[in-house]
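All remarks here apply to the structure that follows.
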Amino acid sequence: MPKSIQPIRSVKGTRDLLPPETGLWQRVEDEARSVFAVYNFREIRTPVLEPTALFARGVGEETDIVTKEMYTFADRDHESLTLRPEATAGVVRAAIEHSLYNLGGIQRLFYIGPMFRRDRPQKGRYRQFYQIGAEALGSEHPLVDVEVLEMLTVFLSRVGLENVTLLLNSVGCHLCRPEYLRILRRALEPIRFQLCADCQRRADTNPLRVLDCKVPEDQALIDQLPTILEHLGPECRQHFDRVTAELTDRGIPFTIMPRLVRGLDYYTRTAFEMTSGSLGAQNALLGGGRYDGLSETIGGPPIPGFGFAIGEDRLLMAVEEAGKLPNPESIDVYVAWMDDRAFIPARDLARSLRAGDLSVEMNYEPAKLKKMLGAANRLRARFAVIIGESELASSNFQVKDMSSGEQHPVEPDRVAAFVREKRSSPVQS
RNA sequence: GUGAGCGUAGCUCAGCUUGGUAGAGCGCCAGACUGUGGAUCUGGACGUCGCGGGUUCGAAUCCCGUCGCUCACCCCA
């Protein structure tokens, strides 16, 4: 390779996911699909590219996501387009566009895919990152919230994560939140200059975020501030109480965090987050909540909704650390043939094993048995089929179990059945 | 957008303070073992020391610049 040309590299904040890691990603996604299916969530695939206005209006003009993190550009016809920074707005847009609200009942949708935000990359944060999310549209019933939270806990335990904390809050609705914001602003006025520089700024720009401050010196003062939970309207209060009561009944542990706020404007009532250690500073594994007014803000009819997004990149970090989910990187059979006369029987065997849904690799050139068994070992093949002179003479291939070392002569037509039978019996590793 | 740390073999890293022939472990290839892998031993391949400039007889090492990566702030998944 000529050194004078510098190799092209992946864009900052994006990365290649390679095997064997992709095997683990597939396992996690398979679990998500199977758990979501049981709760009758079906897949939706929306475009990565959306009109910029969708996010400006849906997510909120003043949010950090919209003001400084979006990949926005003018299309050739000058229409402003944006790479989606999150998927909920797009899902709701699609629900409106296809009149899903006319189908009746609750529309339960899930998605898996890449999102884009132009942050400075760091641990657990990338400019192209992946989210697994779900949205339940068409009901404001608190049991919807609980059912989705239950589904999340089932999913997380399926991928081997046990110690995840559910942090819960209610952020009120369009009726009670403005009133609370006035109260909060009034409470901040006398103490703001005793707070950290960031909080002084937040007091103006986004007072709710002051509640989220992590500076130790500020905590005592912040603890004195009124919480939104104390100022919920009667309907929001009732909704929240039903959610917490039902979670308790179902044995789903949670911690009420009166100071938990979300960064997207569309959230109403239930807001939640699940955090996990081992993720560094970005410890939010997933987040979500209710967004009963979102549809209207993007021009649709009232469609109440509840949903979440899991940071798949972060989820995988946690799953790898927990080490409970086996990574399935292995093949069933390595076909090892030794001289040219063995090639055709070997090739035919590989074809028929593959037709029978077994994963097979073979050598393309005659090679020493030792070398091929070494290859089989490296590929973590469960069996090696040896085809050499004596096997051709006896019309029986040697099938070697790579974990035990045992070896049996097997007729060519019976190899698949032999492998399948021994594979399904419990193996010691 | 701000700050700090780090760029040496495919991977993990030592060497840099005090300038003098580029190293280790793992992995890879081959052999010991001509049809039996994982262990052991022996040998081998692989580097413009991120890039550019400066100082110097001489730079991986010192200086300047630049690019990249990482972590943190901010924000969020």
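Letters A, B, ... mirror the listed sequences (proteins, then strands); counts begin at 1. None of the values given here were measured: they were computed from a predicted structure.
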Would a line drawn from the ring center of Tyr267(A) to the ring center of Phe306(A) be shorter than 6.0 Å?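 Not under 6.0 Å, so no.
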Look for any protein N or O under 3.5 Å of an N or O in nucleotides 38-43 of chain B and output each such pair with its distance, or none.
from, atom 1, to, atom 2, distance (Å)
G38(B), O4', Asn377(A), ND2, 2.9

Can you check the distance between C57(B) and G52(B), where both ends of the measurement are the P atom (answer in whole Å)?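 Between the two P atoms, the distance is 23 Å.
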With C1' as the reference atom in both, quote the distance from U70(B) to G53(B) in angstrom, rounded to an integer.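 Those two atoms are separated by 26 Å.
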If you assign each of Arg127(A) and Glu391(A) to its closest nucleotide in RNA chain B, which residue comes earlier from the 5' end?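 Taking each residue's closest nucleotide, the earlier one in sequence belongs to Glu391(A).
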Pick the closest RNA chain B nucleotide for Ala309(A) and for Gln398(A) by heavy atoms, then say which residue is nearer the 5' end.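 Closest to the 5' end, via its nearest nucleotide, is Gln398(A).
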Protein-nucleic acid N or O pairs under 3.5 Å, nucleotides 28-30 of chain B:
from, atom 1, to, atom 2, distance (Å)
C28(B), OP1, Arg378(A), NH1, 3.4
C29(B), OP1, Arg378(A), NH2, 3.4
A30(B), OP1, Lys371(A), NZ, 3.3

For every nucleotide of nucleotides 67-73 of chain B, 5' to 3': is a protein heavy atom under 4.0 Å from its base (B), only from its sugar-phosphate (S), or from neither (-)? -SS-SBB
Once you apply a heavy-atom cut-off of 4.0 Å, does [X] come out as touching a base, just sugar-phosphate, or nothing?
X         : value
Asp64(A)  : sugar-phosphate
Leu285(A) : sugar-phosphate
Leu286(A) : sugar-phosphate

Close side-chain approach of Glu391(A) and Ile386(A), heavy atoms under 4.5 Å: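 When only atoms from C-beta onward are counted, Ile386(A) and Glu391(A) do touch, with a gap below 4.5 Å.
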Can a donor-acceptor pair be found, under 3.5 Å and without considering hydrogens, that links the side chain of Tyr180(A) to the backbone of Pro226(A)?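 Flag set: sc Tyr180(A) to bb Pro226(A) pair under 3.5 Å.
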Sub-3.5 Å donor-acceptor pair from the side chain of Arg117(A) to the main-chain atoms of Met70(A), do we have one?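 Not at all, since once roles are kept as given, no pair shorter than 3.5 Å links the two residues.
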